[in-house]
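Chain letters run A, B, ... following the sequence lines, proteins first and then strands; every chain starts at 1.
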Number of protein chains: 2
Amino acid sequence: MAVDMQSAGEADLIRPVQRAAPLRQAVYESMVELVVSGRLNPGEHLVETDLARQLGVSRQPVREALHRLQAEGWVDLRPNQGAFVHEPTDNEVDQLLDARELLEMETARLAARSADAEAAARLRAICHEGEAAVKAGDTEVFITANNRFHAALAEVAGNAVLAELSAIVGRRMRWYYRLAAPLRGETSCAEHLELIDAIAAGDEKRAAKAARQHTERTRVAYHRTVQS
Amino acid sequence: MAVDMQSAGEADLIRPVQRAAPLRQAVYESMVELVVSGRLNPGEHLVETDLARQLGVSRQPVREALHRLQAEGWVDLRPNQGAFVHEPTDNEVDQLLDARELLEMETARLAARSADAEAAARLRAICHEGEAAVKAGDTEVFITANNRFHAALAEVAGNAVLAELSAIVGRRMRWYYRLAAPLRGETSCAEHLELIDAIAAGDEKRAAKAARQHTERTRVAYHRTVQS
DNA sequence: CTAGCGTATTTTGGATACAAAGGACCTATG
DNA sequence: CATAGGTCCTTTGTATCCAAAATACGCTAG
């Protein structure tokens, strides 16, 4: 199991992080990338020492990153045994989507209540960025724009707690979402625009409905993806 | 500002943690206790070195505890400046309660759908423990039982994500809840029992309504408390 | 006397070193 | 030959040490 790590053999597997000022942040992002990209397999045991060597930093930032990754559901931390890459399940996806639906519907309702022309314009701008990314075929940028959209929506709704919970669910969704994103990009933006229209009109019911449908379609897209 | 910390002068301010196996856990619990009890004032700057000395451990466990405390909303961590005790606001309480209402209603609905006699009995048992604590006047035990009740409810509902989100909100509520708890203890258990009845009957609507009313009454109790 | 700058101290961020717990492998015995 | 025990090695958990950043103070110049 434990491959022989010769001094030269591993160098290009994982690129050392750029030593910018906030090292933890860089390490954290590198590790998210490693997990999301699938270079680390679900269930795999992450050894702090190895990660530190490969990333070119000490164990300290790695540890802190691992703790944060646990809080966000990327890895599972067992006492005295270290970190294991979280194993995603279809059941978990459905639970995440249930939670997301609940949170997004309420967020949409609150946003519609605040009904602000300037806010609607801001949301539309982000939405169009996502569209552009889809046209360019850049999934990663699209997902980022998507997250920004949901974050902005939560801000408009004006409940910071709700926004944070949405963010937690959103981060966890990323794992699965990147599977379904390519199928959804085209229609997702249209659904966002419909949601924005409802919010701009101050129509709470319509906004909630749009949010629900958006989530449900994401669910269908995911299930269709994993079946293939 | 910085009091003169003579070797003997500080010893009994904060009791050193019992050096049980999981040191982090002990440090974390000690610090929650320090924040909740009010011995550390909101906005106060927590210096890692001082905490470490006073708790009788090194800075490392303290740092990890601080990160966890941040994730749970007890402290705010500013880059290169360290930890500051979170300053609670009335606005935040309302937002937390809004989120709690949303989550609890859905949890109650799902729990009612699962409708299981054995589960209802388990919930009732926890509820009665809380009642006993109220009668004994032990607020701390009551709050613990209360949290256990909500956790058990989430488990019955069968959505782990929802349960975790509820737990996050519940932990944050603790700060405020301990203010309102003394006023609520008596009626809170009765409301829980009404909720359990609705769940046992499989009546989703009634369960959701009970959950909503329970949250709303907590809100009223809190606002009444802080006004005095 | 006040405002701006430079230095010094404090405190966090990161690296290294040490101790303890867990798991794997090997051996000896029934 | 299978199993139980023990030892060794790997890996985490904790402590100490060094460097970099931020703040606060004091000094000087206007």
Side-chain angles (χ1 to χ4, degrees), chain A residues 1-7 10 14 16-31 34 40-41 43-71 74-86, chain B residues 1-7 10 14 16-31 34 40-41 43-71 74-86:
Chain A
M1 187 68 61
V3 293
D4 188 348
M5 296 268 194
Q6 249 353 322
S7 53
E10 74 189 23
I14 299 174
V17 299
Q18 305 299 329
R19 292 186 69 115
L23 227 183
R24 293 183 302 184
Q25 184 67 15
V27 171
Y28 163 77
E29 286 170 7
S30 294
M31 293 185 54
L34 284 174
L40 300 177
N41 299 72
E44 185 172 340
H45 185 191
L46 298 179
V47 178
E48 295 176 0
T49 310
D50 294 348
L51 287 171
R53 274 221 324 280
Q54 293 173 349
L55 293 170
V57 299
S58 85
R59 271 179 59 207
Q60 178 88 350
V62 173
R63 276 182 72 101
E64 298 193 355
L66 284 173
H67 284 289
R68 188 169 160 193
L69 289 169
Q70 179 191 38
W74 295 105
V75 304
D76 298 312
L77 229 48
R78 296 214 282 269
N80 288 324
Q81 294 188 41
F84 298 80
V85 178
H86 181 72
Chain B
M1 185 73 61
V3 293
D4 189 350
M5 296 268 194
Q6 254 345 330
S7 54
E10 75 188 25
I14 300 174
V17 298
Q18 304 298 329
R19 291 187 69 115
L23 229 183
R24 294 184 301 185
Q25 183 69 13
V27 171
Y28 162 77
E29 286 170 6
S30 294
M31 293 186 54
L34 284 175
L40 299 176
N41 300 72
E44 185 173 339
H45 186 189
L46 298 178
V47 177
E48 296 176 358
T49 310
D50 294 349
L51 287 171
R53 275 223 323 281
Q54 293 173 349
L55 292 170
V57 299
S58 84
R59 268 180 60 207
Q60 180 83 351
V62 172
R63 287 184 62 152
E64 300 194 352
L66 284 174
H67 284 288
R68 187 169 161 193
L69 289 169
Q70 178 190 39
W74 295 105
V75 303
D76 299 312
L77 230 48
R78 295 214 284 268
N80 288 326
Q81 293 188 42
F84 298 79
V85 179
H86 181 72

Have B:Gln70 and A:Arg68 got a donor and an acceptor in their side chains that come within less than 3.5 Å? no
Do B:His67 and A:Arg63 have side-chain atoms, one donor and one acceptor, less than 3.5 Å apart? no
Main-chain N/O of A:Gln81 paired to A:His45 side chain as donor or acceptor, under 3.5 Å: yes
Any donor-acceptor N/O pair, A:Glu29 side chain to A:Ala26 backbone, under 3.5 Å: no
[atom1] of [X] versus [atom2] of [N]: gap in Å, rounded?
{"X": "A:Asn80", "N": "C:dA20", "atom1": "CG", "atom2": "P", "answer": "13 Å"}
{"X": "B:Arg59", "N": "C:dT11", "atom1": "CZ", "atom2": "P", "answer": "11 Å"}
{"X": "B:Arg24", "N": "D:dA15", "atom1": "CZ", "atom2": "C1'", "answer": "15 Å"}
{"X": "B:Arg53", "N": "C:dT10", "atom1": "CZ", "atom2": "P", "answer": "12 Å"}
{"X": "A:Gln81", "N": "C:dA21", "atom1": "CD", "atom2": "P", "answer": "14 Å"}
{"X": "A:Glu64", "N": "D:dT12", "atom1": "CD", "atom2": "P", "answer": "16 Å"}
{"X": "A:Tyr28", "N": "C:dG14", "atom1": "OH", "atom2": "P", "answer": "16 Å"}
{"X": "B:Arg78", "N": "C:dT10", "atom1": "CZ", "atom2": "P", "answer": "21 Å"}

Under 4.0 angstrom between B:His45 side-chain N/O and D:dT23 OP1 or OP2: no
Heavy-atom nearest nucleotide on DNA chain C taken for B:Thr49 and for A:Gln60; more 5' hit belongs to B:Thr49
Would you indicate which nucleotide in [options] comes nearest to any side-chain atom of [X]?
{"X": "A:Glu48", "options": "C:dT12, D:dT12, C:dG14", "value": "D:dT12"}
{"X": "B:Val47", "options": "D:dA15, C:dT11, D:dT12", "value": "C:dT11"}
{"X": "A:Ser58", "options": "C:dT12, C:dG14, D:dT12", "value": "C:dG14"}

Distance from B:Leu46 atom CG to B:Leu77 atom CG, nearest 0.5 Å? 9.5 Å
Contact class for B:Leu46 vs. all strands (heavy atom < 4.0 Å): base, sugar-phosphate, or nothing? sugar-phosphate
